Amino acid sequence: MAFINYRKETSERSDATNWAKKILIEKTGLFFDAIEGCNENNNNVVTHLFERARVDFVPGESLETDVLSEIILLETPEVLQRKINFANTFNCPLTYVLYCNEKEAVWVYTISDLITCKFIVSYDTYHAFSDWIYTIKGWRSTKPYREREDLPYFDKALRRAGCAWPTNIDCFVSNQYSQPIAILEFQNANNTEVAMHCNNDFFLGKHTRINQDGYIQYDNDVRRWQSQEILRVQSGLRLFIITWSQKSTDFILKEVDVISFPNLPFSKDWTKHGEYQRLMHEVANTRDQNSARIIANQFSTYKLSYAAPIMSQVYKYPPLSTKDKSFPYIYYKYKNLVEGLTDTLPDLFLKLID
């Protein structure tokens with residue numbers, strides 16, 4: 001069979017309204033690209049960086065060189081080279097997935113440079129491809145997926161099959177030589193005022209809900225930030241955060257220094273697990289000093305450290321402290337709230353990244 005009609009589909013929807021990304025692209029001279037999927041396995045190591053294209057096919061044959069030529073046309077040589085270079089910082093090629101909704105078939109290729117494309121494997125069903133994602137991931141999410149009507153059929157089918165398309169990388173930054181120099185996370189603060197948005201509130205579990213068994217469940221962002229820290233530590237790139245909103249001209253520019261994660265015991269001791277989460281919740285909501293002291297004196301944390309091919313957890317036991325950055329927290333090298341001056345973002349970003 002021969003592939004035709006290569007086109008992009010994405011599950012991401014916020015780029016069109018992201019004024020912060022738009023102004024950075026226009027006024028910095030740097031390049032800001034997204035990666036459609038990133039696989040982090042159960043050993044906390046990035047194993048695959050994914051791009052994808054929907055295709056149709058007709059009788060005939062598509063050679064690896066034909067596939068690469070079409071992908072270059074779709075991506076442009078410059079963008080594809082930057083994505084290949086970014087994947088190289090994780091010591092892996094760029095994995096490119098072609099899929100056809102009409103046949104629910106998938107073809108997987110790897111691209112190591114602009115002249116080398118290798119066919120890896122194909123799947124006759126989306127369910128079989130979802131199973132493959134599970135094998136490279138090593139775990140399935142236990143949280144229910146938040147479905148959207150505008151989600152592409154491909155994504156909906158993978159979720160129904162049990163293992164979703166890997167999460168995207170918001171943005172990586174490249175210099176004029178197409179070399180990656182940073183990872184950039186955009187955070188939309190539409191549900192709060194930009195000035196009031198605090199990553200550590202969500203990291204520690206500010207919000208709760210009652211689960212189906214009638215128990216309090218603490219919704220923290222530990223797993224989400226672990227994913228970001230894996231990217232930073234494994235790649236060696238700097239990690240920046242820009243908090244923005246469609247409703248505001250304010251923004252917060254931050255650079256992450258290091259993240260100390262709560263060493264939650266889970267099934268080893270569910271009582272202690274729940275107590276740790278409750279105390280973090282109280283710190284996030286009331287800045288309760290007594291709860292913070294209990295955490296510092298009775299619980300432990302860990303930081304990530306990478307020596308290829310192993311990501312390690314380096315534990316810190318009581319007493320914990322913000323002075324040595326061992327208390328469970330996201331620590332910053334730089335943090336700046338700017339109110340009402342959107343035009344200052346490009347210069348601030350360039351000075352910070354220089």
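Only a predicted model underlies this, so the values are computations on that prediction, with no experimental measurement involved. Residue indices begin at 1 and follow the sequence shown.
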Show your working on ring-ring contact (aromatic ring centres under 6.0 Å, His included) between Phe202 and His197 and close with a plain yes or no. CA-CA 9 Å; Phe202 297 100; His197 186 277; 5.4 Å; yes

Is it true that Thr47 and Asn39 share a donor-acceptor pair across their side chains at a distance under 3.5 Å? yes

Look only at the side chain of Asp170 and the backbone of Phe186, and say whether a donor-acceptor pair between them is shorter than 3.5 Å. yes

Would Arg160 and Asp155 pass as an ion pair if we require N to O under 4.0 Å? no

I want to know whether Phe50 and Tyr96 have ring centres closer than 6.0 Å. no

Just by distance, no angles: are the side chains of Tyr153 and Glu9 close enough, under 3.5 Å, to form a donor-acceptor pair? no

Test side chain to side chain contact (heavy atoms under 4.5 Å, CB included) applied to Phe251 and Ile23, Asn336, Leu348, Leu337, the passing residue: Leu348

Decide whether Thr116 and Asp113 meet the rule of one side-chain donor and one side-chain acceptor closer than 3.5 Å. yes

Check: Val194 main-chain N/O paired with Ser245 side-chain donor or acceptor under 3.5 Å: no

Would the distance check show the side chain of Asn285 and the main-chain N or O of His281 forming a donor-acceptor pair, the cut-off being under 3.5 Å? yes

Salt-bridge contact Arg82-Glu78 (side-chain N to carboxylate O under 4.0 Å): no

Indicate whether the side chain of Asn199 and that of Gln187 have a donor and an acceptor atom separated by less than 3.5 Å. yes

Between His207 and Tyr218, ring centroids under 6.0 Å: no

Working to the nearest 0.5 Å, report the span between SG of Cys38 and CD1 of Ile183. 8.5 Å

Is Phe129 reachable from Ile120 through a run of I, L, V, M, F, W or Y residues, each pair having side-chain heavy atoms under 4.5 Å apart? yes

Heavy-atom side-chain contact between Ile111 and Leu68 under 4.5 Å: yes

When you compare the side chain of Val46 with that of Ile230, does any pair of heavy atoms fall below 4.5 Å? yes

Derivation of the salt bridge (charged side-chain N to carboxylate O under 4.0 Å, His left out) call for Glu185 and Arg232: CA-CA 11 Å; Glu185 170 80 0; Arg232 186 187 72 84; over 6 Å; no

Less than 4.5 Å apart, any side-chain heavy atom of Leu63 and any of Asp66? yes

Between Gln217 and Tyr215, do the side chains contain an N or O donor and an N or O acceptor separated by less than 3.5 Å? no

Hey, are Thr17 and Gln246 close enough side-chain-wise for a donor-acceptor pair under 3.5 Å? yes

Between Glu40 and Ser227: side-chain donor-acceptor atoms closer than 3.5 Å: yes

Around atom NZ of Lys8, are there more than 12 heavy atoms from other residues, nucleotides or ligands closer than 6.0 Å? yes

Looking at Lys323, is its backbone amide N or carbonyl O close enough to the side chain of Ser321 to form a donor-acceptor pair, meaning the two atoms are under 3.5 Å apart? yes

Side chain of Asp33, backbone of Val173: donor and acceptor closer than 3.5 Å? no

Find the distance between CG (Leu24) and NZ (Lys22) and round it off to the nearest 0.5 Å. 11.5 Å

Please tell me if the side chains of Lys83 and Leu49 come closer than 4.5 Å, counting only heavy atoms from C-beta onward. no

State whether the side chain of Thr125 and the backbone N or O of Ala128 hold a donor-acceptor pair below 3.5 Å, judged by distance alone. yes

CD/Glu193: more than 12 non-hydrogen atoms of other groups inside 6.0 Å: no

Any link between Leu184 and Ile35 through a network of hydrophobic side chains (Ile, Leu, Val, Met, Phe, Trp, Tyr) touching at under 4.5 Å? no

Neighbour count >12 (heavy atoms, 6.0 Å) for atom CG, Asp324: yes

Would you say the side chains of Glu36 and Thr10 form a donor-acceptor pair under 3.5 Å? yes

Within 6.0 Å of CD1 in Ile210, more than 12 heavy atoms from elsewhere: yes

ILVMFWY network linking Phe32 to Ile84, side-chain heavy atoms under 4.5 angstrom: no

Write down the atom of Asp250, the atom of Gly340, and the distance for their closest heavy-atom approach. OD1-N, 2.7 Å

Approximate separation, where rounding is to 0.5 Å, of Arg54 CZ and Leu98 CG: 13.0 Å

Give, for atom CG of Asp56 and atom CG of Asn5, the distance between the pair rounded to the nearest 0.5 Å. 4.5 Å

I'd like to know whether the aromatic ring centres of Tyr276 and Phe299 sit less than 6.0 Å apart in this structure. yes

Validation row, ring centre Tyr126 to ring centre Phe154 under 6.0 Å: yes

Main chain of Trp132, side chain of Tyr123: is a donor-acceptor contact present, judged purely on distance under 3.5 Å? no

Are side-chain heavy atoms of Gln226 and Tyr302 found at a separation under 4.5 Å? yes

Does Asp124 CG have over 12 foreign heavy atoms under 6.0 Å away? no

Identify the two heavy atoms, one from Trp19 and one from Ser248, that lie closest to each other, and give their separation to 0.1 Å. NE1-O, 3.4 Å

Within the 3.5 Å criterion, strictly below it, is a donor on Thr286 or Asp288 matched to an acceptor on the partner's side chain? no

Test: Lys272 and Asp269 ion pair at under 4.0 Å: no

Flag side-chain contact, heavy atom, 4.5 Å: Cys117 against Thr110: no

Spacing of Phe349 atom CZ and Glu255 atom CD [to the nearest 0.5 Å]: 9.0 Å

To the nearest 0.5 angstrom, please state how far the CD1 atom of Ile241 sits from the CD1 atom of Ile330. 6.0 Å

Would you check if there is a donor-acceptor pair between the side chains of Tyr6 and Glu75 at a distance under 3.5 Å? no

May I ask you to decide if Asn44's main-chain N or O and Asn41's side chain share a donor-acceptor pair within less than 3.5 Å? yes

Tell me, do Leu304 and Val314 make a side-chain contact under 4.5 Å, heavy atoms counted? no

Counting only N and O atoms by type, is there a donor-acceptor contact under 3.5 Å from the side chain of Ser130 to the main-chain atoms of Cys163? yes

Using the rule that Ile, Leu, Val, Met, Phe, Trp and Tyr join whenever any side-chain heavy atoms are under 4.5 Å apart, tell me whether Leu80 and Leu74 fall into a single cluster. yes

Non-hydrogen atoms of Leu231 and Phe90 that approach each other most closely: O-CE2, 3.7 Å

Are Arg287 and Asp201 within salt-bridge range, i.e. N to O under 4.0 Å? yes

Could you tell me whether Asp213 atom CG has more than 12 heavy atoms of other residues or ligands within 6.0 Å of it? yes

If only atom types and distance count, is the side chain of Glu282 paired as donor or acceptor with the main-chain N or O of Ser291 below 3.5 Å? no

Examine Trp107 together with Phe3 and report whether their ring centres are nearer than 6.0 Å. yes

Any non-hydrogen side-chain atom of Asn200 less than 4.5 Å from a side-chain atom of Tyr332? yes

Going by atom types only, do Lys206 and Asn220 share a side-chain donor-acceptor pair under 3.5 Å? no

Among side-chain atoms of Tyr334 and Asp257, is any donor-acceptor pair under 3.5 angstrom? no

